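Reviewing the structure listed below.
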Protein chains: 2
Amino acid sequence: MYSGCVSTAERLIESTRELLWERGYVGTSPKAILERAGAGQGSMYHHFTGKPDLALAAIRRTAEELRATAEGVLDGPGTPYERIEAYLLRERDVLRGCPVGRLTMDPDVIADDALRAPLDETLDAIRERLAGIVEEGKEQGQFGPDVDGEAIAATVLATVQGGYVLARASGSPAAFDAGVRGLLSLLRPHDHPTV
Amino acid sequence: MYSGCVSTAERLIESTRELLWERGYVGTSPKAILERAGAGQGSMYHHFTGKPDLALAAIRRTAEELRATAEGVLDGPGTPYERIEAYLLRERDVLRGCPVGRLTMDPDVIADDALRAPLDETLDAIRERLAGIVEEGKEQGQFGPDVDGEAIAATVLATVQGGYVLARASGSPAAFDAGVRGLLSLLRPHDHPTV
DNA sequence: GTCTATAAGTGGATAGAC
DNA sequence: GTCTATCCACTTATAGAC
């Protein structure tokens, strides 16, 4: 049960965030949220219009938080390669999966544009930021002149999201780490033949 | 509603496979399965002990089918690079996601070793097959001597699984295609500096 | 084998007391 | 604002008729 010296609405949102991460949207009931938040039915329907409304608030916050974390690493110090490496190697609770990515497998989230929007915006923003870094690396000669920033950015993000899938299937973070290691070996700067 | 000239048990399994793909395990109710299969409660509990038992049969079949499809492409003709390319470019209904991969986000599947096992076995088999192909490519000089087959295999599989995530978030297959394109550009054979 | 009937519990939401 | 009571449909399963 979520506890802390905060408002009921706040506790409801935080409880929902936890449950959405653990069980997804379909797997999360108002009852479970209320139990964890230590609140009654009335509180929830006073602050929110219903489950979708509360979930929207929770998803928005989770998406913003993930975006801030990712951009914090990507805007850090180092060469373009080093920043992508830092992003790929940053500490993650791999077996929990990505709190944003996992929601894309939720039919009720994907069916609702309002619920899907925060996922799209966050993943897209990270992708754009990665693409810019790759282009930077190209200009500096760290990556070959023939690489496509947008494409590589999608590959990097997909490797992370897919790494979670492989890890959860096997019950071990090893597959995630292997995928990241493989990608880094492919990205690692070496002499580029001038097209 | 699923129809066809087959046994009731068969229709139940096929209906479950469809629903598990569309809505996951938590989002699939016996009632929905029975409606689609055109069967009554009694039929289901006659052939299976309950929802988990029926889901297990469905998941096993889906996992085997995916494995056969993937290995069919990977064991096809062509150089190692071409076979990996064929795997990455094979026709997919991208926005539906991977029928196996999506189940890894289902808490009740991951919590049950019997339900999780088929996912693990299938993804692991594809990974092993990919790793072997990369090693083959190394021997033939198509890939550099420093690449790690196991790691690259995980990267390839993760890019596919993560591509589904990005595509579903954006509501378009474009991100999947971009990720694959980026990966292929990184894998494409070129002159390798001898370590 | 397949059907309907039944049942205890949950899902999601409303009403009204305090 | 928060609580409890109430509601109806759904979930999962069992019982027993045909």
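Just so you know, these numbers come straight off a predicted model, no measurement behind them. Each chain gets a letter, A, B and so on, in the order its sequence line appears, and its residues count up from 1.
- Between the C1' atom of D:dA13 and the CG atom of B:Asp53 lies a distance of 14 Å, rounded to the nearest Å.
- Residues passing the side chain to side chain donor-acceptor pair (under 3.5 Å) test with B:Gln41: none are found, sequence neighbours excluded.
- Closest-nucleotide positions on DNA chain C for A:Gly42 and B:Gly40 were compared, and the one nearer the 5' end corresponds to B:Gly40.
- For the OP1/OP2 pair of D:dC3 and a distance below 4.0 Å, the side-chain nitrogens and oxygens of A:Ser43 include at least one atom meeting the criterion.
- For A:Phe48 and D:dT2, the CZ to C1' distance is 14 Å, given to the nearest whole Å.
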task = Assess whether side chain to side chain contact (heavy atoms under 4.5 Å, CB included) is satisfied between B:Val134 and B:Glu150, documenting all intermediate values.
result = CA-CA 8 Å; B:Val134 172; B:Glu150 295 280 344; over 6 Å; no
request  = If a protein heavy atom is under 4.0 Å from the base, mark B; if only from the sugar-phosphate, S; if neither, -; do that for nucleotides 7-12 of chain C going 5' to 3'.
outcome  = ---SSS
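- Note: CG (B:Leu34) to P (D:dC10) measures 14 Å, nearest angstrom.
- Between the CG atom in B:Leu66 and the CZ atom in B:Arg61 there is a gap of 15.0 Å [rounded to 0.5 Å].
- B:Thr104 has its side chain out of reach of B:Val109: every pair of non-hydrogen atoms, C-beta onward, lies at least 4.5 Å apart.
- Atom pair B:His46:NE2 and D:dG16:P shows a separation of 18 Å (rounding to whole Å applied).
- In this structure, the CD1 atom of B:Ile33 is 16 Å from the P atom of D:dC10, given to the nearest Å.
- Atoms NE2 (A:His47) and C1' (C:dA13) sit 17 Å apart, rounded to a whole Å.
- Salt bridge A:Arg17/A:Glu65: present, at least one basic N to carboxylate O contact under 4.0 Å.
- Rounded to an integer number of Å, the gap from B:Met44 CE to C:dA5 C1' is 17 Å.
- Between B:Asp108 atom CG and D:dT12 atom C1' there is a gap of 13 Å when expressed in whole angstrom units.
- Judged by the 6.0 Å and 45° rule, A:Arg96 forms no cation-pi pair with A:Phe176.
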